[in-house]
Amino acid sequence: MKPLDITKKYALPFLFGILLLGGSCTKDYFVNGGTADPHYDGSIYDYLANNPYYLDTVAWVVAHSSYKEILEKDSVTFFSFTDDAIRQAMDDLNDVRYYNVEDSVHLEDIPPEVWDHFLGMYIMRGRHLAKDFARVDPLNIYAYPGINYVMYNGYVMNIGLLYQDYNGVEAVGARILQLTDITYDPTNFRNNSSIRVASSDIQPVNGVLHVLNNHNIFGFRGGEFARVAEQNLVARGK
């Protein structure tokens, strides 16, 4: 599989994922104006590789890391970023290299350990559907703190369900998963960067896939991917 052209700008809205899944199921659920079977007859990696508009570059990154077999065989939950997050991360890296009077690099130039470092932030052991997470409310964090989870590489991430208001009634609307990079400022929850899930509860055979919205910063902190990748590239004389 060839990596996606990271210069591509996406004009389409973020509508994909479980709407593409076929088949039948006795328990459907409401998604973007229609019903969809959440189950997928393949691994998490297979699902990524077979969604070319938003996730095939993610699949390419996984394939060039040590996590491919984990996303094929282990029982895990993957909070997937999108292709656009990778494109933006590579653009940021090449901006740094341009400033340093260095040649631009491509996906295949990034050492596997860099992909490993970041992918492990997005993977949890075990299967976790949206309903399994506690409520989180950044405006009332002491009452609804979500839960801090240790991710696959040891990174600590706060994950919780935001309860949306509906017709002026508090917390009776849609519930949306949110990930928060809690280690940036442990003393003030609202100072930490957060990202919401756009498509949740996709269920391949070996786990659960939640896809983050298209505004996700790869690595959660602006400039972090560029910093780590540049250090590794310079150490290799690139």
Student: Using the side-chain hydrogen bond (donor to acceptor under 3.5 Å, both in side chains) criterion, which residues pair with N192? Sequence neighbours excluded.
Tutor: none
Student: Could you tell me whether the side chains of Y155 and D181 share a donor-acceptor contact shorter than 3.5 Å?
Tutor: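 Yes, a side-chain donor-acceptor pair sits under 3.5 Å.
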Student: Please verify the inter-ring angle class for H128 with F133; under 30° counts as parallel, over 60° as perpendicular, anything in between as tilted.
Tutor: tilted
Student: Would you say the side-chain atoms of T183 and R221 include a donor-acceptor pair closer than 3.5 Å?
Tutor: yes
Student: Does some side-chain heavy atom of N148 sit less than 4.5 Å from a side-chain heavy atom of I159?
Tutor: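 The answer is no, as the side chains (C-beta and beyond) never meet within the 4.5 Å cut-off.
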Student: If we count only N and O atoms by modelled type, under 3.5 Å, do the side chains of T187 and D185 hold a donor and an acceptor together?
Tutor: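 Yes - a donor-acceptor pair under 3.5 Å links their side chains.
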Student: Output, in order, the C-alpha distance, side-chain angles, deciding distance and verdict of side-chain contact (heavy atoms from CB on, under 4.5 Å) for V136 and N158.
Tutor: CA-CA 9 Å; V136 66; N158 181 277; 3.9 Å; yes
Student: Side chains of Q88 and D92: any donor to acceptor distance under 3.5 Å?
Tutor: yes
Student: Going by ring pair (Phe, Tyr, Trp, His ring centres under 6.0 Å), name the residues that satisfy it together with Y67, two or more places apart in sequence or in a different chain.
Tutor: Y152
Student: Begin with the C-alpha distance, continue with both residues' side-chain angles, and end with the deciding distance and a verdict on side-chain hydrogen bond (donor to acceptor under 3.5 Å, both in side chains) for H39 and D37.
Tutor: CA-CA 6 Å; H39 301 93; D37 179 0; 3.0 Å; yes
Student: Given side chains that start at C-beta, do those of F79 and M124 come closer than 4.5 Å, heavy atoms only?
Tutor: yes
Student: Just to verify, what does F218 make a ring pair (Phe, Tyr, Trp, His ring centres under 6.0 Å) with, not counting sequence neighbours?
Tutor: F81, F118, F225
Student: Hey, does L233 have a side-chain heavy atom less than 4.5 Å from the side chain of P111?
Tutor: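 P111 reaches L233 side chain to side chain.
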Student: Please check if any side-chain donor atom of T82 sits under 3.5 Å from a side-chain acceptor atom of N214, or the reverse.
Tutor: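 Per modelled atom types, T82 and N214 side chains form a pair under 3.5 Å.
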Student: Determine whether the aromatic ring centres of residues Y40 and Y47 are separated by less than 6.0 angstrom.
Tutor: yes
Student: Do R97 and E230 come within less than 4.5 Å of each other through their side chains, counting heavy atoms only?
Tutor: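 Of all side-chain heavy-atom pairs linking E230 with R97, at least one is under 4.5 Å.
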Student: Ignoring hydrogens and geometry beyond distance, is a side-chain donor-acceptor pair present between R135 and Y163 at under 3.5 Å?
Tutor: no
